[in-house]
Amino acid sequence: MVADVESILIDRAQIALRVHDLGRALAKDLQDELQREGDPDGHDRIIFVPILTGALVFTADLIRELSMKLSLRVVAVSSYPGTSVESKGAKLAGELPRDLAGKHVVIVDDILDSGQTLGLIDELVQTQKPASVRICVLLKKPPEVRKREVKAHYVGFDIPNEFVVGYGLDYDGFYRNLPYIGVLKQEAIGR
Ligand code: IMP
Ligand code: MG
């Protein structure tokens, strides 16, 4: 598997440091929200919404940087059928959580690419009238690739427009378990 990787873009230690910082920033901003509401212990106020499957690894590390009370509601979106490396548009697969009204919602994804996935989930979440919505992504590709404008409030790394795998990101379902973000060899694509 490692033989399929051309180069490592972001290594394990860099990811760990950045996830730690993102977690700290999120914790502070969410704590401030609760403070403003006059309820610093805010019971059942914070809901993280990871977008499956790519956000799984990132979310697992991210939420362990927060010591406050929070809960998780996963959503599933399909956008890359099989061996495609180009988004074919986002479609909700399954249900959207229904209990987001009045909550502080943090939508988490692995990467902001065309923006269709996060645009869709943000739009659907907003219809429930949450108290606040934050978008947190580990990676962000350059604005030129965006087909839909999305504001990501927390971004781990800005990366070039390359197809990457690892730390939750897949190619045809594989490589999610790599502990780093890497670029695949050309011969590993379409095989
Ligand atoms: P978007 O809808 O085009 O923004 O794409 C978002 C989804 O496509 C992410 O949740 C990823 O699962 C996937 N994706 C986008 N770029 C890459 C990549 O470079 N490698 C692997 N998956 C990607
Ligand atoms: Mg994917």
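Given the structure is predicted, the values throughout are model-derived calculations rather than measurements. For ligands, and for the atoms within them, numbers begin at 1 and follow the listed sequence.
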Side chain, backbone, both or neither: Thr53 near ligand 1, heavy atoms under 4.0 Å: neither
Under-4.0 Å heavy-atom contact with ligand 1, by part of Lys141 that carries it: side chain
Taking every non-hydrogen atom, the tightest pair across Phe58 and Cys136: CZ-SG, 3.8 Å
Heavy-atom pair of closest approach, residues Arg45 and Ala131: NH2-CB, 4.2 Å
Contact with ligand 1 for Ser114, non-hydrogen, under 4.0 angstrom: yes
Sub-4.0 Å heavy-atom contact, Ile51 with ligand 1: no
Per atom 4 (O) of ligand 1, closest listed option by heavy atom (Gly168, Gly115, Gly166, Ser78): Gly115
Side chain Arg12, main chain Leu178, donor-acceptor under 3.5 Å: no
Polar contact flag for Val164 and ligand 1 (N/O pairs, less than 3.5 Å): yes
Check: Leu169 N/O within less than 3.5 Å of ligand 1 N/O: no
Reference residue Glu33; test salt bridge (Lys or Arg N to Asp or Glu O under 4.0 Å); the match among Arg134, Lys103, Lys28: Arg134
Atoms in ligand 1 flagged as close to Asp113, the criterion being non-hydrogen separation under 4.0 Å: 1 (P), 3 (O), 4 (O), 5 (O), 15 (C), 16 (N)
